[in-house]
J.: 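So that we are looking at the same thing, I have put the structure below in structure tokens.
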Amino acid sequence: MNLIENKLKTIIIEAIDKTFSYQVNMDDVVIEIPKDKLHGDYATNIAMRLAKQLKQKPMDIANALLPMFLNNSDFITNVEIAGPGFINFTLCNERLADIITVVLKAQDDYGRSDSGKHVRVNLEYVSANPTGDLHPGHARGAAMGDSVARLMRFAGFDVTSEYYVNDAGNQINNMALSLQARYFQRCGVDTPIPDDGYNGPDLIAIADKLYLEEGSKYLSIDKEESLPFFRSYGLQEELNKLKSDLELFRVKYDVWTSEQSIYDRDLVAKVVQKLKDADMTYEFEDALWLKTTLFGDDKDRVIVRSNGLYTYLTPDIAYHIDKFERGFDRLVDFLGADHHGYINRLKAGVLALGYNKDQIEIDIIQMARMIKDGAEFKMSKRTGKAVALKDLIEEAGVDAVRYYFANRAADTHMDFDLDMAVKQANDNPVYYAQYAHARVCSILRSGKDYPTASFYDGLNHPKEIDLLKHINEFPVVVSDAAITRQPHKICNYIQKLASMFHSFYGECKVLDEDNVVLSQQRLALVSAVKITLKNALNLIGVDAPERM
RNA sequence: GCGCCCGUAGCUCAGUUGGAUAGAGCGUACGCCUCCUAAGCGUAAGGUCGCGCGUUCAAUUCGCGCCGGGCGCGCCA
């Protein structure tokens, strides 16, 4: 996993065992890189943590361990005890530089791990209704979901990304009716959009397309009779748009599942029967209720209405059960915070059929509040009042938009100023990181004729040591970000790496014909920076340009 | 009213299973290209970590109570 830290942990565990005859696990040893360089390269608080168990003062424990560490002088060059009982290590520079060999060998795979143990995970995100264009509010979920999918794959999870298409509810009927009205309008027949209809410009465009293809053919057909056509035509067009917009945003799904197909495969009736058999339901006022309160919900929920129709929840439970039956060990959903009240009832439906709490996890992504002309701008597919994601991407660029959203923790309530988005795109920290990559590439181009270094004993400048230690951290950061599903941790890592490189660049001249030995070693370090930076950017779906 | 989330620099946000002097970007002030890309580097100013109590050797971090903001509480989807 991590060359340096694992070795240090092993030494610490051995020292504790030999000194106190006390066994400590790898996970109990916390190693950190101190903020202040005066505190060495790495530090541990193990003496403080063991104080209670060993019934000794932290300082006494640390002092007792000290001689054991000095036995490893080929690896540890200095040990100091400081503050309330921290043990600070200064390591041999050449051992730190060993990471370069590792990175150059691994290339695109540097940072990859098997932390996920090939657990089969289904990741569902966005799943916006196919009734209008994606808008910037969806971008956060898309950037998060896709980045987490990339992260988890890199960390050894077996990930399938999935989009659930809500094509069975009455919102699709409303879309069909609205499209029909737009088509009639296009044919010159004044037809109002229904009250619950969709007024977005997307349906006007789809009606135009249909008119171009088929002329006024459907004008003469009975409206009720032609509705299924408008429904399927509109659905197909909306879906195609969803797919191409997401692809433009570099978000690809492995599987698209339609809600209608869940009905068609008779999975909904089956799941209702299963819930009945499990004694998880009861009838009340002509409706069938699910006992979701048994699993932490506020109140029980209707799954079959008194009119015989299902609620939205019922096929969704069936859908999630079907995912398990397709062989997934774990289901992860990303849900907008406006749907957080839905979490418990969906989980309850799954748990009611015997699945485990650890098998279904629903992450909330907080709302990104849109600001326009200094005030909140509520987007709505119904009124058609919205800015299309596609337009935003075209103006601000995929990299800037993706980075902007990936850079924030999911539980942050954030404001997204639509007027400033394009203006601020140039100030986006993503360019700082991309520029570092372009600079790296430029150096490597200029230094391509230098011989390859085989050892790195000359790398001892503080800026070089910083880089080596940070590069060494990458695999740990990746698996942590993957397991906690927090891509912003990768952004933090990227900013720090770029900052360290820019600082190094200012102080250390890489190419120097009068000192070829140092130059070739620094070139190797720069190569390692390039590989690490590129791999990190790729995890959040951002390009690593060779030139800028 | 009940539930979930948030409150850290002028603004947008980080803060590593609780750790040493709380950080970054943007903005502000002042320096730095005869040298590998100045989309950069360096220095400085800017904070009662919403408020209070508790747990701990140690709290921005954990618990409880307030205050302020967002969202949700349909036999809609």
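Only this structure's heavy atoms are used, side chains among them; waters, hydrogens and symmetry mates stay out. Lettering follows sequence order; numbering is per chain, from 1. This one's a predicted model, so the numbers in the text were calculated from it and none came from an experiment.
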J.: Record whether the side chain of Ser306(A) comes under 3.5 Å of the base of C75(B) through a donor-acceptor pair of N or O atoms.
T.: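 Yes, a donor-acceptor pair under 3.5 Å.
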J.: Is U55(B) paired to anything, Watson-Crick or G-U wobble with both distances less than 3.5 Å, and if yes, which nucleotide?
T.: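 Checking every strand shown, U55(B) finds no partner, since no pair has both distances under 3.5 Å.
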J.: So what does Cys441(A) hit on the nucleic acid, given a heavy-atom distance under 4.0 Å: a base, only sugar-phosphate, or nothing?
T.: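 Nothing: the residue Cys441(A), judged by heavy atoms under 4.0 Å, touches no strand.
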J.: Taking the C1' atom of each, how far is C13(B) from A29(B), in whole Å?
T.: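 Per the computed distance, 23 Å lies between those C1' atoms.
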J.: Got a salt bridge between Arg382(A) and Asp196(A), using NZ or NE/NH1/NH2 to carboxylate O under 4.0 Å?
T.: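 Salt bridge: no.
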J.: State the pairing partner of G40(B); accept Watson-Crick or G-U wobble contacts with both distances under 3.5 Å, and report none otherwise.
T.: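 Partner of G40(B): C32(B).
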J.: Using a cut-off of 4.0 Å on non-hydrogen atoms, how would the nucleic acid contact of Ala82(A) be classed: base, sugar-phosphate, or nothing?
T.: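 The answer is base, as Ala82(A) lies within the cut-off (heavy atoms under 4.0 Å) of a base atom.
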J.: With no hydrogens and no angle check, just 3.5 Å: does a side-chain donor-acceptor pair link Asp167(A) and Ser258(A)?
T.: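 Yes.
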J.: Quick check for you: to the nearest 0.5 Å, what is the distance between Ile343(A) atom CD1 and Ile362(A) atom CD1?
T.: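 Answer rounded to 0.5 Å: 5.5 Å.
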J.: Should Arg439(A) be listed as having a side-chain N or O under 4.0 Å from OP1 or OP2 of A39(B)?
T.: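 Answer no for this pair, as no side-chain N or O of Arg439(A) is under 4.0 Å from OP1 or OP2.
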J.: Please enumerate all protein N or O atoms sitting under 3.5 Å from an N or O of nucleotides 12-19 of chain B, with distances to 0.1 Å.
T.:
unit_1: U12(B); atom_1: O2'; unit_2: Arg408(A); atom_2: NH2; d: 2.4
unit_1: C13(B); atom_1: OP1; unit_2: His413(A); atom_2: O; d: 3.4
unit_1: C13(B); atom_1: OP1; unit_2: Asp415(A); atom_2: N; d: 3.3
unit_1: A14(B); atom_1: OP1; unit_2: Ala409(A); atom_2: N; d: 2.7
unit_1: A14(B); atom_1: OP1; unit_2: Thr412(A); atom_2: OG1; d: 2.4
unit_1: A14(B); atom_1: OP2; unit_2: Thr412(A); atom_2: OG1; d: 3.3
unit_1: A14(B); atom_1: O2'; unit_2: Asn492(A); atom_2: OD1; d: 3.2
unit_1: A14(B); atom_1: O2'; unit_2: Asn492(A); atom_2: ND2; d: 2.5
unit_1: G15(B); atom_1: OP1; unit_2: His488(A); atom_2: NE2; d: 3.0
unit_1: U17(B); atom_1: O4; unit_2: Asp27(A); atom_2: O; d: 3.4
unit_1: G19(B); atom_1: N7; unit_2: Asn45(A); atom_2: ND2; d: 3.0

J.: What's Lys299(A) touching, base or sugar-phosphate or nothing? Going by heavy atoms closer than 4.0 Å.
T.: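 The residue Lys299(A) makes sugar-phosphate contact but no base contact.
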J.: Provide the distance between the two C1' atoms, one in U28(B) and one in G70(B), to the nearest whole Å.
T.: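 Rounded to whole Å, the distance is 31 Å.
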J.: Distance between the C1' atoms of C35(B) and G10(B), in whole angstroms?
T.: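 The answer is 38 Å between these two C1' atoms.
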J.: With a non-hydrogen cut-off below 4.0 angstrom, is Ala438(A) in contact with a base, only sugar-phosphate, or nothing?
T.: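 Base: the residue Ala438(A), judged by heavy atoms under 4.0 Å, touches a nucleobase.
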J.: Rounding to the closest angstrom, what is the interatomic distance between G46(B) and C62(B) at atom C1'?
T.: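 G46(B) and C62(B) have their C1' atoms separated by 30 Å.
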J.: Count the heavy atoms of every other residue, nucleotide or ligand shown that sit under 6.0 Å from NZ of Lys496(A), and state whether that count exceeds 12.
T.: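 No, because the 6.0 Å sphere around NZ of Lys496(A) holds 12 heavy atoms or fewer from other groups.
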J.: Is it true that Arg49(A) and Asp28(A) make a salt bridge, defined as a side-chain N closer than 4.0 Å to a carboxylate O?
T.: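 The answer is no: the pair does not qualify as a salt bridge.
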J.: If you look at every heavy atom in Lys469(A) and Asp41(A), which pair is closest and at what distance?
T.: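 Nearest heavy atoms, Lys469(A) then Asp41(A): NZ-OD1, 3.2 Å.
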J.: Mind checking if Arg547(A) touches a base, just sugar-phosphate, or nothing, with heavy atoms under 4.0 Å?
T.: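 Base, at least one base heavy atom under 4.0 Å.
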J.: Could you tell me how far G25(B) sits from U8(B) if I compare only their C1' atoms? Round to whole Å.
T.: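 Roughly 15 Å separates the two C1' atoms.
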J.: Taking the six-membered ring of Tyr505(A), is NZ or CZ of Arg439(A) closer than 6.0 Å to its centre and within 45° of its axis?
T.: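 Yes, Arg439(A) lies over the aromatic ring of Tyr505(A).
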J.: Would one find a side-chain N or O of Lys378(A) under 4.0 angstrom from OP1 or OP2 of C71(B)?
T.: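 It does, given that an N or O in the side chain of Lys378(A) lies less than 4.0 Å from OP1 or OP2 of C71(B).
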J.: Parallel, tilted or perpendicular: which fits the ring planes of Phe334(A) and Tyr125(A), with parallel below 30° and perpendicular above 60°?
T.: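 Because their plane-to-plane angle is over 60°, the rings of Phe334(A) and Tyr125(A) count as perpendicular.
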J.: Which part of the nucleic acid does Gln495(A) contact within heavy-atom distance under 4.0 Å: base, sugar-phosphate only, or nothing?
T.: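 Touches nothing.
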J.: Between C66(B) and A45(B), how far apart are the two P atoms, rounded to whole Å?
T.: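 It works out to 40 Å between them.
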J.: Output yes when at least one side-chain N/O atom of Thr311(A) is less than 4.0 Å from OP1 or OP2 of A77(B), else no.
T.: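 It does not, given that no N or O in the side chain of Thr311(A) lies less than 4.0 Å from OP1 or OP2 of A77(B).
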J.: Has Arg345(A) got a side-chain N or O lying under 4.0 Å from the OP1 or OP2 atom of C73(B)?
T.: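 For C73(B), OP1/OP2 do not have a side-chain N/O of Arg345(A) under 4.0 Å.
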J.: Charged N to carboxylate O under 4.0 angstrom, Lys37(A) versus Asp466(A)?
T.: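 Salt bridge between Lys37(A) and Asp466(A), a charged N being under 4.0 Å from a carboxylate O: yes.
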J.: Going by ring centres under 5.5 Å and near-parallel planes (under 30°), is His339(A) stacked on G72(B)?
T.: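 His339(A) vs G72(B): stacking no.
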J.: Could you tell me how far apart Leu346(A) (CG) and A77(B) (C1') are, to the nearest whole angstrom?
T.: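 Leu346(A) atom CG is separated from A77(B) atom C1' by 14 Å.
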J.: Step by step, would you call Phe416(A) with Tyr404(A) a ring-ring contact (aromatic ring centres under 6.0 Å, His included)?
T.: CA-CA 10 Å; Phe416(A) 189 87; Tyr404(A) 185 87; 5.2 Å; yes
J.: For nucleotides 2-4 of chain B, tabulate all protein N/O to nucleotide N/O atom pairs closer than 3.5 Å, reporting atom names and distance.
T.:
unit_1: G3(B); atom_1: N2; unit_2: His340(A); atom_2: NE2; d: 2.5

J.: What distance, rounded to whole Å, do you find between the two C1' atoms, one in C2(B) and one in U56(B)?
T.: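 These two C1' atoms come out 33 Å apart once rounded.
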J.: Using the side-chain heavy atoms of Asn129(A), tell me which of these nucleotides is nearest: A20(B), A77(B), C41(B).
T.: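 Per side-chain heavy atoms of Asn129(A), the pick is A77(B).
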J.: Taking the six-membered ring for Trp, are Phe69(A) and Phe89(A) parallel (under 30°), tilted (30 to 60°) or perpendicular (over 60°)?
T.: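 Taking Phe89(A) first and then Phe69(A), their aromatic rings stand perpendicular (interplane angle over 60°).
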J.: Rounded to the Å, how far apart are Ile343(A) CD1 and C73(B) P?
T.: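 For the pair Ile343(A) CD1 and C73(B) P, the rounded distance is 13 Å.
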J.: For C2(B), which nucleotide is its Watson-Crick or G-U wobble mate, given both distances must be under 3.5 Å?
T.: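 Partner of C2(B): G72(B).
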J.: Could you measure between the two C1' atoms, the one in C41(B) and the one in G50(B), and give it in whole Å?
T.: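 About 37 Å, rounded to a whole number of Å.
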J.: Taking the side chain of Tyr505(A) as its heavy atoms from C-beta onward, which of G74(B), A38(B), A77(B) lies nearest to it?
T.: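 Nearest nucleotide to the side chain: A38(B).
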J.: Among C36(B), U21(B), A38(B), find the nucleotide with the atom closest to the side chain of Ser446(A).
T.: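 So the side chain of Ser446(A) is nearest to C36(B).
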J.: Taking the side chain as every heavy atom from C-beta outward, state whether Tyr342(A) and Leu313(A) have any atom pair closer than 4.5 Å.
T.: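 When only atoms from C-beta onward are counted, Leu313(A) and Tyr342(A) do touch, with a gap below 4.5 Å.
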J.: Scan residues 462-471 of chain A against RNA chain B and write down, sorted by residue number, each residue with any heavy atom closer than 4.0 Å; if none is found, say none.
T.: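 Residues of residues 462-471 of chain A under 4.0 Å from RNA chain B: none.
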J.: Quick one about Asp333(A) and Tyr164(A) (side-chain donor to acceptor, distance below 3.5 Å, no hydrogens or angles considered), yes or no?
T.: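 Checked: Tyr164(A)/Asp333(A) side chains show no N/O donor-acceptor pair below 3.5 Å.
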J.: What is the distance from CD of Gln434(A) to C1' of G25(B), rounded to the nearest Å?
T.: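 Answer to the nearest Å: 15 Å.
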J.: With nearest nucleotides of RNA chain B determined for Thr44(A) and Leu444(A) from heavy-atom distances, which residue corresponds to the more 5′ nucleotide?
T.: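 Upstream on the strand: Thr44(A).
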J.: Answer syn or anti for C57(B), where the cut-off is 90° from 0 on the glycosidic torsion.
T.: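 Anti, since the glycosidic angle lies more than 90° from 0.
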J.: Taking any strand in view, what nucleotide pairs with G7(B) in a Watson-Crick or G-U wobble way, both distances under 3.5 Å?
T.: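 Matched G7(B) with C67(B) under the 3.5 Å cut-off.
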J.: Indicate yes or no: does Lys530(A) engage Glu546(A) in a salt bridge with an N to O separation below 4.0 Å.
T.: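 Yes, Lys530(A) and Glu546(A) are salt-bridged.
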J.: Which whole-number value in Å describes the distance from Glu285(A) CD to G74(B) P?
T.: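 Rounded to the whole Å, the gap is 15 Å.
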J.: Report yes if a side-chain nitrogen or oxygen of Tyr312(A) is closer than 4.0 Å to either non-bridging phosphate oxygen (OP1 or OP2) of A77(B); otherwise report no.
T.: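 Answer no for this pair, as no side-chain N or O of Tyr312(A) is under 4.0 Å from OP1 or OP2.
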J.: On RNA chain B, nearest-nucleotide positions of Tyr431(A) versus Pro34(A): which is more 5'?
T.: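 Mapping each residue to its closest nucleotide by heavy atoms, the 5'-most match is Pro34(A).
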J.: Could you check whether Asn88(A) gets within reach of a base, just the sugar-phosphate, or nothing at all, counting any heavy atom under 4.0 Å?
T.: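 Base, at least one base atom sits under 4.0 Å.
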J.: Touch check for Met548(A), heavy atoms < 4.0 angstrom, all strands: base, sugar-phosphate only, or nothing?
T.: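 Counting heavy atoms under 4.0 Å across all strands, the contact made by Met548(A) includes a base.
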J.: Any donor-acceptor pair, under 3.5 Å, between the side chain of Asp427(A) and the base of A39(B), if you only look at N and O atoms?
T.: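 A donor-acceptor contact between them is absent.
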J.: When you check the side-chain N and O atoms of Thr257(A) and Glu162(A), is any donor under 3.5 Å from an acceptor?
T.: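 The criterion, which ignores hydrogens and geometry beyond distance, is satisfied for Glu162(A) and Thr257(A).
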